[in-house]
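Fair warning: this is a prediction, and the values are worked out from it, not measured in the lab. Proteins get letters first, then strands, A, B, ... in listed order; numbering begins at 1 in each.
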Amino acid sequence: MSFLSPALLIGLLAAAIPPLIHLILRRKAVVVRFPALEFIRRSNRKTARQFRVKQLLLMLLRSALLAVLAFALARPFLAHEQSPLAVSGESDGATVVVLDAGYPMRWLLDGESLLDRARFQAEALLGDGGGMAALVVAGDRVDVPIDELTGDLAAVRREVGRVEPGRRPANLPEAVARAYELIEDRPGPRRVVILTTPAGAARDLPRPSDTAVELLPVDVSGGEPVPNRAITGVALRPAPEVGASHWRIDARVLNAADTAVARLPVHLEIDGVVAVRGFMNLGPGEEAVKTFYTPVETDAAVPAEVVLEGDALAADDRRPFWLRPAPRIRVLAVNGDPRPTPYRDELFYLERALSPTTTAGARVRLTITGADTLDRFDLDEFDVVILANHAAPTPEIARDLTAFVSGGGGLLVTMGDRIEPDAANVALAGLLPRTLRTVRQAGDAAASAEGGDRQAGRPGVFTRQHPILSEITNPETSSLASARIRRYMLLDPAPDAIGEVVIGLDDGAPFLLTREVGSGRVALLTGTIDRDWGDLPIRPDFLPLLQSTLRYLTRVAEVDTAPVLVGRDAPVPVEDPRVRRVKVQTPDGDLRVSERPSGEDPWLFGETDLPGHYRLSPDPPLPGLVALPGFAVALDPAGADLRGPRTAPDAAGGDVAEKQAVALGVGRRTELWHAALGGLFVLLLGEGVLLFRRRKEAPVLSHRRRAEAPAEPRGESGR
Amino acid sequence: MSDREVVDAALLARLSGLTLRAGQVVEGILTGMHKSPHHGSSVEFAQHREYSPGDEIRHIDWKAFAKSDRYYIKQFEDETNLRCHLLVDTSGSMAYGGGDRPSKMLYAARLATALAWMLLRQGDAVGLLTFGESLGEYLPPRARPDHFWRLVRALEKTPVAGPTNVVGALERIAEVAGRRSLIVLLSDCMDFDPRLTAIARQLRRRRHRVSVLHVLDPDELDFPFKELTEFEELETDERELADPRGMRDAYLDEIRAWCEGLRRDLLDGDVNYRLVDTAVPVERCVYDIVGGQGNGSARR
């Protein structure tokens, strides 16, 4: 019989507690001077023997209770042991044990980690008998603590007992190759390399060059399923289409199991607080993406992580990253009709709509230029370009605009008296959703019989599912619907016209259209953004309409979210040249110091042994620089799939399955703690019966007892 | 013995107002006292006593009636035909008192004092014999009021120690109590001498009236101990280790059988027996006695 937690056997000493208590209480027996000693003496003679037997029984029962409890906690089991000789088949056989100590070995199976099982199996193999043995540990790196075959199996067992799980997937091919090196030089009839690892991890193992060497993979999970779920990656990008300062987080989740999982809880934590909760349904072996949207309201980066719940391998259920404030929308507005009177200026209402006071949180940075100075700007520095009443861009500008939009930028074109439809159609041929025809007077009876004698048209058709209208709850009853549009640009009603009408006028003419060009988007407003052709700019809903249009058009830049893996060098994201040295707080709270390298070398931090958030602070502190963005270190998801059997039968010879069965027999065991707990229950029952029988109430005789509750007498007592 | 305050003035004051009850004492405990064959044989006037129902009319002092308009009975020395002997146990076992209760000795002394007070108040003679292993001070019966304080002093100064010798005390009284008299024994009877009932019966055959007031503490009757205890005998200092949880039932059976056996034997010999619980106030105990509830224990 062996124990999984033999240290807890020290609890057997607790069995001595009841006798000790008995002895202490006996020594501390109160002395009471009492007259009726003769009756006590007679009663003692009658009952003492029976009482002592019962007390002794009770004491033994309690001692046994404590002993059995300690016994059960030590987790006893019956091991079906076989020696290395049984495996190698020869008395002078040689064995190299390769122990997988990668982070997946932290998986808890029945409350015991796979590494504990692997250690047990290795110790069982090296338990007794003769032969030679060596040890290779595949942890964060391949380590060979016993670097040559030795007959001192106890030393090998000691080294096995010292192995701790790492933070990276084990490099098993390299470890097995090292084992071959150790054993191939050894002459002998049977030479065996035993690999203790989850079945799914034993892939792509090298073949031994010496055919006499055998590889026996031992599945530490004992054939039991190891349905691991892991977060294998996280991608971030701003999500202006959802709202100001919003981020979109795409978390890839792998169901490395042979069964589907429904409603797998997954949540997003920001600065230690659960921000968004969600669930996933995943098929067997499926990897899917869970998307979260969340705003970042602060001006500093905040630590965040996506967390999976309910898994026996907690290490790969968290994926840390930093969320930075969403970037500002950089807008370049081209004023095609500047006026000296502010409220008559083409961009007067646009500037007010996008001013910091009205776009609090929207984070818009507006740059205004004239039509003739547009070529001075590098469009790549902007996310959105607005052509407001711009007659027609030059061919060079038009080419730049086309490249800008195709590359992901946004373009908003608004009308006005300066527009030259023909020139604009030519210059923006590849960008406009439809061809411009002519300016039309709304309410003209000739244009619409339904218009009657009205002098203005109204927006009456809304595509509510369009993202631009997502923030306007009910467009039909909003102030947009009551705007009076006196004139608008009539578009070519080509049936094959591309683009989507977001808002249409009540006479059926499109008023706001969008289209996608390459990676970018274009929006066309057939009205003006000043009051020349209508009163839309003074309607309250003009502000959300304009802001949501800009967010829709904004270039969405993917953020570099390639993770820093445990043990790799992490770039220190400090751009301020004044910072020469930083303090790095590791996830476990330790403080390290990192200095900026001289020259052009990248600033790297190498002590990334733990997954989690690494926080940075300037050393010494700099005035005005409160916090620095940190970086996150994640586990390598390569080892997340532990499913078997994937033991590469070709690599180890045709009889691997048979050999593995032999090797598996080494680790088989029958746990006894269930039986111990059953015994505990029986003992408790026995104690209860004894106590119940003893506590039967005795009769009461005296006058005092008839009147009051019993009380301990003081009497003439002493020690 | 100043720490043994056997006189409770308030109690005595309450008892002294019970003239009628004193008569009941005569009828109850002291039955036959006024039917002594020797009454009137002396001419030596002793005192006057207020008339109470049951007194012979011929003993009324008519001259006194003429002066005071109240009935008085003339009493002479030899007409004090009730002679009461109070036998108070002062052995070591009587020193026990559980909780806040008085010791058995103190309780017995107070009870004896109360009885003596009542008897002396009604003109009867009261004597006292204290006893432990050996006999203590003996005060012959006297009916003088100042005799009360001699009894009190004797009860206060007698040491409480040593084994019990109830039989010896009864034998001593049998020698000195020549005429029929009332003999009241206040003891816990912890000597377990089987001759106790025999000599009590013998006294009864000599026409003495014998009352045994069996004084016990509630702890002795209920045995409320719970933890492992080493009990030490008060009289002999012997010790016995016992776990009350295991032997309480047997103890209660033993002491109940002993009390019941003692009571039955005494009653069979026409000897009064009363089990006195020291948790009961002395006054109530006296009321029970004068109430004439008959023989036996009030707490059967």
Do side-chain atoms of N44(A) reach the backbone of L241(B) as a donor and acceptor pair under 3.5 angstrom? yes
Distance from R42(A) atom CZ to I255(B) atom CD1, nearest 0.5 Å? 9.5 Å
CZ/R33(A) to CZ/R239(B) distance, rounded to the nearest 0.5 angstrom? 9.0 Å
Would you name the heavy atoms of A250(B) and S43(A) that are closest together and state the gap between them? C-OG, 3.5 Å
Atom CZ of F681(A): over 12 foreign heavy atoms under 6.0 Å: no
Where does the angle between the aromatic ring planes of F34(A) and F223(B) fall among parallel (under 30°), tilted (30 to 60°) and perpendicular (over 60°)? perpendicular
Nearest-0.5 Å distance, CE of residue M247(B) to CZ of residue R45(A): 11.0 Å
Residue selection (most heavy-atom pairs with chain A, distance under 4.5 Å) from M190(B), K104(B), E233(B), M94(B): E233(B)
Count the heavy atoms of every other residue, nucleotide or ligand shown that sit under 6.0 Å from CD of E232(B), and state whether that count exceeds 12. yes
Between V32(A) and T229(B), the two heavy atoms sitting closest are CG2-CG2, 3.4 Å
When you compare the side chain of F39(A) with that of F231(B), does any pair of heavy atoms fall below 4.5 Å? no
Do L37(A) and E238(B) have side chains that get closer than 4.5 Å, going by heavy atoms? yes
Inspect the surroundings of CG in L20(A) and state if more than 12 heavy atoms from other residues, nucleotides or ligands are less than 6.0 Å away. yes
